[in-house]
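Before any comments, here is the structure.
It should be emphasised that the depicted structure is a prediction, and the values quoted were computed from it without experimental measurement. Whatever order the structure lists ligands and atoms in, that order sets their numbers, starting from 1.
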Amino acid sequence: MGSEIPQVHIFFFPIMAQGHVIPTVDMAKLFATRGVKTTIITTPVNASFFSKTVQRSKESGLDIDVKILKYSTEEAGLPEGCENADLLPTSRDEPKDIVSKFFKAKVILQEPLERLLQECKPDCLVAHMFFPWATDAADKFGIPRLVFYGVNVFSTCVMECMTLYEPHKQVESEFEQFVVPNLPGDIKLSKKQLPDYVKESVETEFTKMLKASKESELRSYGVIFNSFYELEDMYADYYKNVLGRKAWHIGPVSLCNRAIEDKAERGKKSTVDEQECSKWLDSKKPNSVVYVCFGSMTNFRSAQLKEIAMGLETSGQEFIWVVRKEKSNGGEEDWLPEGFEKRMEGKGLIIRGWAPQILILDHEAVGGFVTHCGWNSSLEGISAGVPMVTWPVSAEQFYNEKLVTQILKIGVPVGVQEWVSTVGDFVKREAIEKAVKKIMNGKTAEELRSKAKALAEMAKRAVAKGGSSYSELSALIEELKLRRH
Ligand code: UDP
């Protein structure tokens, strides 16, 4: 039979960081379940992270493919194989300019991407904001470019207002609070909580890139958000009506993962056996375990890790704690308090490396989440209906903290005061203990949990047939179809 209108074909082009690659792969799967032909464009190392996921999706009948761009880390001046932000040497070991090299290196991808666009002529290119040249590249071939930030609408609005009104330039001290002007919700921040690139008065490679990204976004076809309308309706309306932007909210995209294998292997292969992990959780009571994880980039110093261990122990709470540091060859771990693992046997599980996050969050034994407020993690927490301890570190995470604690009211802040890229501000064990107890036990926990559960239901409804995200996705696909004629 076959439909009369040929299938819509979309290219997805994420930047090389787990927090972007993971939702992009989900997004490509999501579009494919709606009859779109999807192609993920990436570099060899990144492709290896999700090749199994794509293979499984193909086997289940989805039209999803991967095209690999040749990428020379040597040409970019980066260490061999360093194709993803989470593989970058930590800022303590290497000069800061390695990060800017990483950002510059993305330009190397422009030419090979353009060749692919010319060859395949997709109907749309969805590219991350950090590829400022993507709008022009797509334009050369008459292809619309959509921007995918990987952040939520609320934080995008905060960022816009900060750029427009620069309230941080009017305060007298670093810790003085100011209200984000002209934004609903009375959002208070301090200069200390702002990213370096917002505060910096001199132009850097990064701020130049951000400026170019903004310009290219304004000339793009619109923005896709991994969020759902009801979650941040006030800000979705503000973005559209006050800031005058075009956007589609199609998330939470992680909810497209229904099979255990899909939940268990996102981003990287887990360093813990998924079945063991599930078995461990099966032995626990509902809502009794707190899950502690700080995403793919945070690299806490040993003193902070030790403090987390002590805080968890004194909270008396059962826990799963993901520590990115893997055991060194000698086996010694300077961050682990003496006898900690022995004392915590059966009570706490430390995952060194990579955890099957949504598999854990979705388990009924998990009753709370200590998070760095990366948007994917926050939204995964919301989708699982768990209250959160918010512990922002860098990027736009301080804005997300406000959304979770002040707007959605499903979390309590651990009390971080300062934005410090990857290593974070120091938090004492007492603060950790107090915040964990608050989201796990007692009246506050009950109230937070009931709100969180309601939001999780809302999220599921949004992606189900007829829900807001489902309908916005249908509208986008229809628009792309019509555009062709
Ligand atoms: N993640 C995971 N296992 C880990 C750490 C992270 O599966 O051990 C996933 C997590 O589910 C999320 C992503 O990695 O989808 C992290 O994205 P987020 O925006 O939360 O933070 P980032 O890593 O970008 O700081």
Side-chain angles (χ1 to χ4, degrees), residues 14-27 29-30 46 49-50 52-53 84-88 90 99 102 128-130 148-152 155-156 195 225-227 251-257 260-274 277 291-300 319-326 349-363 366 369-384 386 388-401 403-404 411 419-424:
I15 59 154
M16 302 88 88
Q18 292 298 353
H20 299 286
V21 174
I22 292 172
T24 301
V25 173
D26 283 347
M27 201 162 49
K29 280 164 63 178
L30 185 66
N46 285 292
F49 289 141
F50 57 82
K52 274 201 189 146
T53 308
N84 190 294
D86 87 330
L87 301 172
L88 288 175
T90 60
V99 177
F102 182 72
H128 191 268
M129 73 171 287
F130 286 169
F148 179 61
Y149 280 106
V151 299
N152 57 54
S155 64
T156 309
F225 283 104
N226 179 18
S227 185
V253 295
S254 66
L255 288 177
C256 75
N257 298 293
I260 303 276
E261 309 85 67
D262 290 333
K263 288 186 183 187
E265 198 179 325
R266 278 170 87 239
K268 295 203 269 191
K269 174 109 193 73
S270 303
T271 44
V272 63
D273 181 83
E274 295 97 51
C277 186
Y291 172 63
V292 186
C293 182
F294 299 91
S296 64
M297 308 274 292
T298 307
N299 239 317
F300 283 142
F319 63 85
I320 292 183
W321 175 24
V322 188
V323 181
R324 285 190 65 218
K325 281 188 167 68
E326 303 205 13
L349 186 66
I350 299 180
I351 298 177
R352 292 167 175 84
W354 194 254
Q357 177 153 307
I358 55 172
L359 191 75
I360 294 174
L361 281 173
D362 284 353
H363 198 287
V366 175
F369 182 15
V370 179
T371 172
H372 73 308
C373 301
W375 180 237
N376 295 294
S377 295
S378 308
L379 191 58
E380 288 157 16
I382 290 167
S383 307
V386 290
M388 295 180 237
V389 168
T390 55
W391 184 325
V393 174
S394 48
E396 88 297 1
Q397 294 150 16
F398 281 87
Y399 308 155
N400 297 341
E401 172 176 61
L403 178 69
V404 170
W419 189 104
V420 190
S421 187
T422 67
V423 294

Numbered in order shown, the ligand 1 atoms found under 4.0 Å of a heavy atom of G374 are 18 (P), 19 (O), 20 (O), 21 (O)

If we number the atoms of ligand 1 from 1 as shown, the ones under 4.0 Å from a heavy atom of S296 are 22 (P), 23 (O)

Check your understanding: Mind checking whether G267 has a heavy atom under 4.0 Å from ligand 1?
Key ->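 No.
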
- request: Answer yes or no for I358: is there a heavy-atom contact with ligand 1 below 4.0 Å?
  value: no

### Task
Could you see which bit of W354 sits under 4.0 Å from ligand 1, with heavy atoms only: side chain, backbone, both or neither?
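It is both parts that get close, each with some atom under 4.0 Å.
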
So for S378 against ligand 1, with non-hydrogen atoms under 4.0 Å, the contacting part is neither

Output for pair (S254 OG, K263 NZ), nearest 0.5 Å, gives 9.0 Å

Backbone N/O of S394 and side chain of Q397: donor-acceptor pair under 3.5 Å: yes

- request: On the 0 to 90° scale, with breaks at 30° and 60°, tag the Y149-F225 ring pair as parallel, tilted or perpendicular.
  value: parallel

Are any of the N/O atoms on I22, whether in the backbone or the side chain, positioned under 3.5 angstrom from an N/O atom of ligand 1?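 No, there is no polar N/O contact under 3.5 Å.
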
Does the N or O separation between Q18 and ligand 1 drop below 3.5 Å for any pair?
-> no

Indicate whether any N or O donor in one side chain lies under 3.5 Å from an N or O acceptor in the other, for T390 and E401.
->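 Yes, a side-chain donor-acceptor pair sits under 3.5 Å.
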
The single option from V272, V292, V323 that satisfies side-chain contact (heavy atoms from CB on, under 4.5 Å) with I350 is V323

Q) How far is atom 21 (O) of ligand 1 from its nearest protein heavy atom, and which residue and atom name does that atom have? A)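 Atom 21 (O) of ligand 1 sits closest to the protein heavy atom H372 NE2, 3.0 Å.
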
